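From a predicted model like this one, the values you see are computed outputs, not experimental measurements. Order of the sequence lines sets the chain letters (A, B, ...), proteins ahead of strands, with each chain counted from 1.
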Amino acid sequence: MRPVPSILHLDMDAFYASAEQASKPSLRGKAVIVGGLGPRGVVATASYEARVFGVHSAMSTAQARRLCPHAAYLTPRFSLYRQVSEVVMQMLRELSPLVEPLSLDEAFVDLAAGPAPPASAAEARATGERLRAALLEATTLTASVGLAASKMLAKTASEQAKPDGLVVIEPGTERELLAPMPVRALPGVGPATAEQLRRSGIHTVAEAAEAGEAELVRLLGKAHGTSVHALATGQDDRPVVAEREGKSISVEDTFDVDLHDRTRVRAEVVRLAGRCVDRLRAAGRSGRTVVLKVRRYDFSTLTRSETLRGPTDDPAVVREAAVRLLDGVDTTGGVRLLGVGVSGLADFTQEDLFAQAGPAGTGPVTAAGSREAGGEEAGTRPDPSGAAPGAVGAPGGPGAGERKWRPGQDVRHGVYGAGWVQGSGLGRVTVRFEQPWSAPGRVRTLRGDDPLLEPADPPPLVRPAGGQPPGPVARPVPPPLSGPPPEPPTGPGEPRPAAGGPSSPSSSPSGSSASSP
DNA sequence: TCTGGGGTCCTAGGACCC
DNA sequence: TCTGGGGTCCTAGGACCC
């Protein structure tokens, strides 16, 4: 084990929620909950203000609403988070080429491999503090940093540092620090393993270490037992590895209401297969094993897979395999979730093509057509419709997105400028007009079909240098439509649409709103 | 109003091959 | 005539992580 705490673990604080607060001045200091807003949604991230009420990740949004009804509820804006994440990861790479991202908001960095390896714990600390300050400046977001001589301890340290802090674990102090912690603190020990260990009277890391490797292997199996024992005794030699190639790509949808119609189920599988291939192609990969995932009405989940003779990125091949797999699955009783994935990924090369067209067999073989280079990067695609997959009664047809305005979504108005959707329903949409660098803005309620209102890309968190003047306040603005959501608004500059415009009743009958007050 | 979506890794059994 | 001993691939399921 290295003598200096030169492995750094970075974890952005309540990342999605903090990014939303940074982006939306009116939400700063308020409870913000980011996650799925449908009837089956779960919380992805809750701001610290919301955590006070007991809201946490993975909780159902419904429960969060009971605990914290006054919070702002927002759908995730991954394009913004990716944008911020790229800035963060780039700054980490300035510390060392060995950067291992774990997710959009988390990464390990091996400072020992960098241009200025710390020679002491104090130097490591100084590097970490400089990093936190630089990140705050670049993104306006706070981060927590852990420094230690191993990955596990660096992560443990950043956990202790939260929020907005830094903790260094001095080499040599590892075991005494770990000893009293619950086994759940060890990476790889989840609810099931913790329960296993509890039944054997093992609750703390110290008890796990005392149990000995043989006993842990007996309880948990070879690989898991060995690894838990090593981690419990503070041994962790796992290197920081940059750029690991992905091994699978998958997409899945949970439906607001269980699907019963077999034809609809099949149509959804076809749609998912298409989305999966879009992502596969955007990544420049191909895959050999197609996986279908089905979660039934009772939450029981099964997977079926089929391995082709060679890797493919042909939508028809993946679609047909997925549909074949579905044919072998009983869906009576209803389907809650469907997923399609591809594994056994390869970089698609000419040789792969030949291999695939190789010797006779029964496998479905089609030479994948020329791949258009035009990268429609799946994840960053605008996706203004964002129709919840299950949007009740949505025919599932192509342009089915009737849920046009989602809470949290960025918009631009021809008169009022940039803003975000606070709520919508009953043919109206409530927009707060503000930008990351503006003062908290005001809310206006508009018609859902206001022709001057359109979806927009997320603005950067930090005002671009020499950027435009803050749109909304710079120019004379006609009188607002409203304060609170009142009568169906009809604006001054707003063309009165013909009677009963498309009021899109299918868009969440209950209406939805980002914040109640 | 229970339980998202995207991944990784491990285990275990059977097929198949030498 | 009653049963070897690997190794690898495929499939299915489950734990875990963010």
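In this structure, A/L302 reaches the sugar-phosphate backbone alone: every heavy-atom distance under 4.0 Å involves primed, P, OP1 or OP2 atoms, never a base. Using a 4.0 Å heavy-atom cutoff across all strands shown, A/E106 reaches sugar-phosphate atoms only and no base atom. Contacts of A/G36 with the nucleic acid, taken as non-hydrogen atoms under 4.0 Å apart, are absent. Nucleic acid contact class of A/R295 (heavy atoms, under 4.0 Å, all strands): sugar-phosphate only. Backbone-only contact: A/V251 has heavy atoms under 4.0 Å from sugar-phosphate atoms and none from a base. Among the protein residues, A/G35 comes within range of no part of the nucleic acid, since none of its heavy atoms lies under 4.0 Å from any strand. Across all strands shown, A/K155 has heavy atoms under 4.0 Å from sugar-phosphate atoms exclusively, and none from any base.
Considering only side-chain atoms of A/S250, the nucleotide from B/dG6, B/dG4, B/dT8 that sits closest is B/dG6. The nucleotide whose nearest atom lies closest to any side-chain atom of A/E252 is, among B/dG7, B/dG6, B/dG4, B/dG6. Side-chain atoms of A/R184 lie closest to C/dC17 of the nucleotides C/dC16, B/dG5, C/dC17. Nearest nucleotide to the side chain of A/D105, out of C/dC9, B/dG4, C/dC18: C/dC18. Distance from the side chain of A/T254 is smallest for B/dG4 among the nucleotides B/dT1, B/dG4, B/dG7. Here C/dC16 is the nucleotide among B/dT3, C/dA12, C/dC16 with the atom lying nearest to any side-chain atom of A/T193. When distances run from any side-chain atom of A/R288 to the nucleotides B/dT11, C/dC10, B/dG4, the shortest one goes to C/dC10. The listed nucleotides are C/dG13, B/dT1, B/dG7; the one nearest the side chain of A/R65 is B/dT1. Of the candidates B/dC9, C/dA12, B/dT1, the closest approach to any side-chain atom of A/A62 belongs to B/dT1. Between B/dT3, C/dC16, C/dC9, one nucleotide has an atom nearer to the side chain of A/V42 than all others, and that is B/dT3.
In this structure, A/T233 contributes its side chain and A/A230 its backbone to a donor-acceptor pair below 3.5 Å. Side-chain atoms of A/Y48 do not come within 3.5 Å of backbone N or O of A/A31 as any donor-acceptor pair. A donor-acceptor pair under 3.5 Å is formed between the side chain of A/E207 and the backbone N or O of A/T204.
Distance, A/D256 CG to B/dT3 P: 10 Å, rounded to whole Å. As rounded to whole Å, 15 Å separates atom C1' of C/dC18 from atom CG of A/D13. Across the protein-nucleic acid pair, A/L337 atom CG and B/dG6 atom P stand 9 Å apart, rounded to whole Å. Rounded to an integer number of Å, the gap from A/L338 CG to B/dG5 P is 11 Å. Here B/dG7 presents its P atom at 18 Å from CD of A/E243, a figure rounded to the nearest Å. Counting to the nearest Å, the C1' atom of B/dG4 and the CZ atom of A/F78 are 9 Å from each other. Rounded to whole Å, the distance from CZ on A/R336 to C1' on B/dG5 is 13 Å. For the pair A/Y297 OH and B/dC2 C1', the computed distance is 17 Å after rounding to whole Å.
Between A/K222 and B/dC10, a side-chain N or O to OP1/OP2 separation shorter than 4.0 Å is absent. Contact annotation: A/T307 side-chain N/O to C/dC10 OP1/OP2 distance is not under 4.0 Å. Under 4.0 angstrom from either OP1 or OP2 of C/dA12 there lies at least one side-chain N or O belonging to A/S305. The side chain of A/T303 places no N or O atom within less than 4.0 Å of a non-bridging phosphate oxygen (OP1 or OP2) of C/dT11.
With both ends at atom C1', the span from C/dC16 to B/dG4 equals 16 Å, rounded to whole Å.
Put simply, NZ on A/K222 and OG on A/S227 are 11.5 Å apart, with the number rounded to the nearest 0.5 Å.
A salt bridge is absent between A/R82 and A/E86; no separation between the charged side-chain nitrogens and carboxylate oxygens falls under 4.0 Å.
Of the options A/R40, A/R296, A/R295, A/R336, a salt bridge (Lys or Arg N to Asp or Glu O under 4.0 Å) to A/D258 is made by A/R40 and by none of the others.
Comparing A/L220 and A/R66 along DNA chain B, the residue whose closest nucleotide (by nearest heavy atom) sits nearer the 5' end is A/R66. The residue among A/A223 and A/G41 whose nearest nucleotide of DNA chain B is located toward the 5' end is A/G41.
When Watson-Crick and G-U wobble pairs are counted only if both distances are under 3.5 Å, C/dC18 pairs with B/dG5.
Proximity of the aromatic rings of A/H260 and A/Y297 is defined here by a centroid distance below 6.0 angstrom, and this criterion is not met.
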